[in-house]
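Okay, structure first, notes after.
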Amino acid sequence: METVSQNKAFGGTQGVYRHTSTSTKCDMTFGLFLPEEANDGPVPVLWYLSGLTCTHENAMTKAGAQAWCAEQGIAIVFPDTSPRGEGVADDDAYDLGQGAGFYVNATQDPWAPHFNMWDYLATELPALIGENFAVDLERQAITGHSMGGHGALTLAMGLPGRFASVSAFAPICNPTASDWGRKQLGAYLGADETSWAKHDATLQMQAVGFDGPILVDTGTSDQFIDLLKPEALAEAANARRQQATLRLQPGYDHSYYFVSTFMEEHIAFHADALYAR
C-alpha cells in the first residue's frame with residue numbers, strides 16, 4: 001500500500017492511499033480520516049460511498065465530514081466509485097463504466113474482469129484498513145450520496161450484522177424501476193432481473209429490512225428526484241414497520257451543499273449507534 005498524501009486536519013489525519021486490488025484487478029485509491037483518538041487505540045469507522053462521476057476525493061473535500069467525525073472520535077473512509085485505469089472497461093456515458101460502478105459484482109463482459117465493487121467494499125478494503133490502521137471493525141456504520149446512497153443501503157441490508165446503522169443522502173432507492181438503475185444493472189448483471197434484486201434498496205427492504213436504525217434525507221428540489229424514487233423506499237419501510245427516519249428537506253437539491261448541510265446530523269446519528277455497540 002502506498003501513501004499518496006497525509007494532512008493534519010481537526011487534530012487527526014486525512015490520508016489518501018493507493019493499493020493493488022485483488023477484487024478489481026487494478027490500482028484503487030481511497031481516503032481515510034483518522035481522528036486524534038486513533039493514536040490511543042482503534043476507533044469506530046464510518047464508510048462514505050460517493051455518487052456517479054465521483055472519485056474518493058469529492059466527499060473528502062466537499063462534504064465537511066472530518067470536523068464532525070473528529071468531534072465524535074470516528075474514522076471515515078472515502079472509497080472510489082469504480083475500478084479505473086488502462087485496460088479497465090469504460091463507456092462514453094457518465095452513468096456507466098468508470099465512475100459508475102454501482103457497487104455490484106459485474107457478471108457480464110466487458111465489465112466482469114474489473115467491476116467487482118461489492119467484493120471490494122464488503123471484504124477486501126475493510127480487511128486492508130483493519131490490518132493497517134487503528135479502526136475497530138466491530139463498530140462500523142455506512143452512509144452515501146446518490147449512487148453511493150444506493151450502495152450504502154444495499155450493502156447494509158445485504159450484510160446482516162455488519163453495520164450498526166445506515167444513512168443516505170438522496171439515494172437511488174428503487175433502481176430496478178428507474179433509468180438510474182435499469183441501464184446499469186442490465187449492463188453489469190445481464191437480462192435476468194432476479195439477479196438485480198439484492199441491489200435495489202426498496203426490494204431489499206421488502207425482503208429482509210435492516211436490523212438497526214436508518215436515516216435518509218432527500219431534497220424536495222432535487223433535480224433527479226423522479227429517478228431516485230424516495231417514495232418507493234418509504235412505502236416499503238412503512239409496510240415492514242422498519243425503524244427508519246425518512247425525510248424530505250424543503251428546497252434542497254442534489255448537490256454537496258445539501259450533503260454538507262445535513263452531515264453533522266448524520267454523523268451524530270451514526271455515533272449514537274456505534275457507541276451503543
Side-chain angles (χ1 to χ4, degrees), residues 45-52 54 58-59 62-65 68-69 76-79 81 100-104 117-118 121-122 140-159 162-178 180-181 198-206 208-220 222 224-238 240 242-249 252-274:
V45 59
L46 174 63
W47 295 83
Y48 182 99
L49 306 186
S50 288
L52 288 167
C54 291
N58 296 74
K62 294 180 180 179
W68 307 119
C69 284
I76 185 167
V77 186
F78 303 98
T81 55
F102 262 76
Y103 305 104
V104 305
M117 291 300 293
W118 181 280
L121 289 169
Q140 297 186 64
I142 192 166
T143 188
H145 173 226
S146 193
M147 178 186 72
H150 138 81
L153 290 166
T154 55
L155 280 159
M157 287 187 274
L159 299 171
R162 170 74 62 89
F163 300 105
S165 50
V166 58
S167 75
F169 302 87
I172 303 171
C173 295
N174 192 193
T176 63
S178 170
W180 267 5
K198 70 177 285 189
H199 301 293
D200 185 306
T202 295
L203 299 183
Q204 283 293 87
M205 179 62 70
Q206 294 169 352
V208 297
F210 178 66
D211 186 19
I214 297 173
L215 173 62
V216 177
D217 280 314
T218 304
T220 60
D222 192 306
F224 305 112
I225 197 166
D226 290 339
L227 296 168
L228 303 175
K229 297 188 178 295
E231 67 282 356
L233 180 62
E235 289 169 7
N238 286 338
R240 191 173 187 84
Q242 168 73 46
Q243 179 187 1
T245 301
L246 310 176
R247 307 186 298 194
L248 292 175
Q249 299 290 359
Y252 285 91
D253 60 15
H254 201 71
S255 70
Y256 269 98
Y257 296 111
F258 156 67
V259 173
S260 60
T261 297
F262 297 99
M263 183 58 71
E264 179 185 9
E265 288 185 62
H266 280 242
I267 289 174
F269 162 80
H270 290 297
D272 287 344
L274 287 165

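Predicted model, so just to flag it, every value in this text is computed and none were measured. All residue numbers in this chain count up from 1 along the given sequence.
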Between [X] and [Y], is there a donor-acceptor pair closer than 3.5 Å when you use the side chain of the first and the backbone of the second?
| X | Y | answer |
| --- | --- | --- |
| Thr245 | Leu215 | no |
| Ser146 | Gly148 | no |
| Arg247 | Asp217 | no |
| Arg240 | Val208 | yes |

For [X] versus [Y], what's the shortest heavy-atom pair and its separation?
| X | Y | answer |
| --- | --- | --- |
| Gly51 | Thr81 | O-CG2, 3.5 Å |
| Ser50 | Cys54 | CB-CB, 3.6 Å |
| Leu274 | Ala141 | CD2-N, 3.8 Å |
| Pro213 | Ala273 | CG-CB, 4.3 Å |
| Ala168 | Gly149 | CB-CA, 3.9 Å |
| Leu52 | Trp180 | CD1-CE2, 3.8 Å |

Q: Take His145 and Tyr256 through the test ring pair (Phe, Tyr, Trp, His ring centres under 6.0 Å) and record every step on the way to the result.
A: CA-CA 9 Å; His145 173 226; Tyr256 269 98; 5.4 Å; yes
Min side-chain heavy-atom separation [X]-[Y] under 4.5 Å:
| X | Y | value |
| --- | --- | --- |
| Thr218 | Gln249 | no |
| Ile214 | Val216 | yes |
| Tyr48 | Val77 | no |
| Val45 | Ile76 | no |
| Leu49 | Leu155 | yes |

Q: For the residue pair Thr176 and Asp200, confirm or rule out a side-chain donor-acceptor distance under 3.5 Å.
A: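 A donor-acceptor contact under 3.5 Å links the two side chains.
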Q.
With no hydrogens and no angle check, just 3.5 Å: does a side-chain donor-acceptor pair link His266 and Ser167?
A.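 His266 vs Ser167: donor-acceptor pair found between side chains.
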Can you tell me how far [atom2] of [Y] sits from [atom1] of [X], rounded to the nearest 0.5 angstrom?
| X | Y | atom1 | atom2 | value |
| --- | --- | --- | --- | --- |
| Leu248 | Thr220 | CG | OG1 | 7.0 Å |
| Gln206 | Met157 | CD | CE | 10.0 Å |
| Ile172 | Tyr103 | CD1 | OH | 10.0 Å |

Q: Please check if the distance between the ring centroids of His150 and Phe102 is under 6.0 Å.
A: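 His150 vs Phe102: aromatic centres under 6.0 Å.
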Q) Looking at the rings of Phe169 and His254, which for Trp means the six-membered one, are their centres under 6.0 Å apart? A)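 Not under 6.0 Å, so no.
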Q: Give me the one residue out of Gln140, His270, Gln243 that meets side chain to side chain donor-acceptor pair (under 3.5 Å) with Ser165.
A: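 Option passing the side chain to side chain donor-acceptor pair (under 3.5 Å) with Ser165: His270.
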Anything under 3.5 Å between a donor and an acceptor, one on a side chain of residues 224-237, the other on a protein residue two or more places apart or in another chain? List them.
none

(Q) Let's go through Tyr257 and Lys62 carefully: what are the C-alpha distance in whole Å and the side-chain angles of both, what is the deciding distance for side chain to side chain contact (heavy atoms under 4.5 Å, CB included) to 0.1 Å, and is it a yes or a no? (A) CA-CA 8 Å; Tyr257 296 111; Lys62 294 180 180 179; over 6 Å; no
Q) Is the number of heavy atoms from other residues, nucleotides or ligands under 6.0 Å of Asp211 CG greater than 12? A)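 It does not: Asp211 CG has 12 such atoms or fewer within range.
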(Q) One pair to check against side chain to side chain contact (heavy atoms under 4.5 Å, CB included): Phe78 and Trp47. What are the steps and the verdict? (A) CA-CA 7 Å; Phe78 303 98; Trp47 295 83; over 6 Å; no
**Q.** Which residues share a side chain to side chain contact (heavy atoms under 4.5 Å, CB included) with Ala156, sequence neighbours left out
**A.**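 If we apply the side chain to side chain contact (heavy atoms under 4.5 Å, CB included) test to Ala156, skipping adjacent residues, the hits are Ile142, Phe163, Val166, Phe210.
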Q) Mind checking what makes side chain to side chain contact (heavy atoms under 4.5 Å, CB included) contact with Asp253, not counting sequence neighbours? A)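 In terms of side chain to side chain contact (heavy atoms under 4.5 Å, CB included), with neighbours along the sequence ignored, Asp253 is linked to Gln223, Ser255, Phe258.
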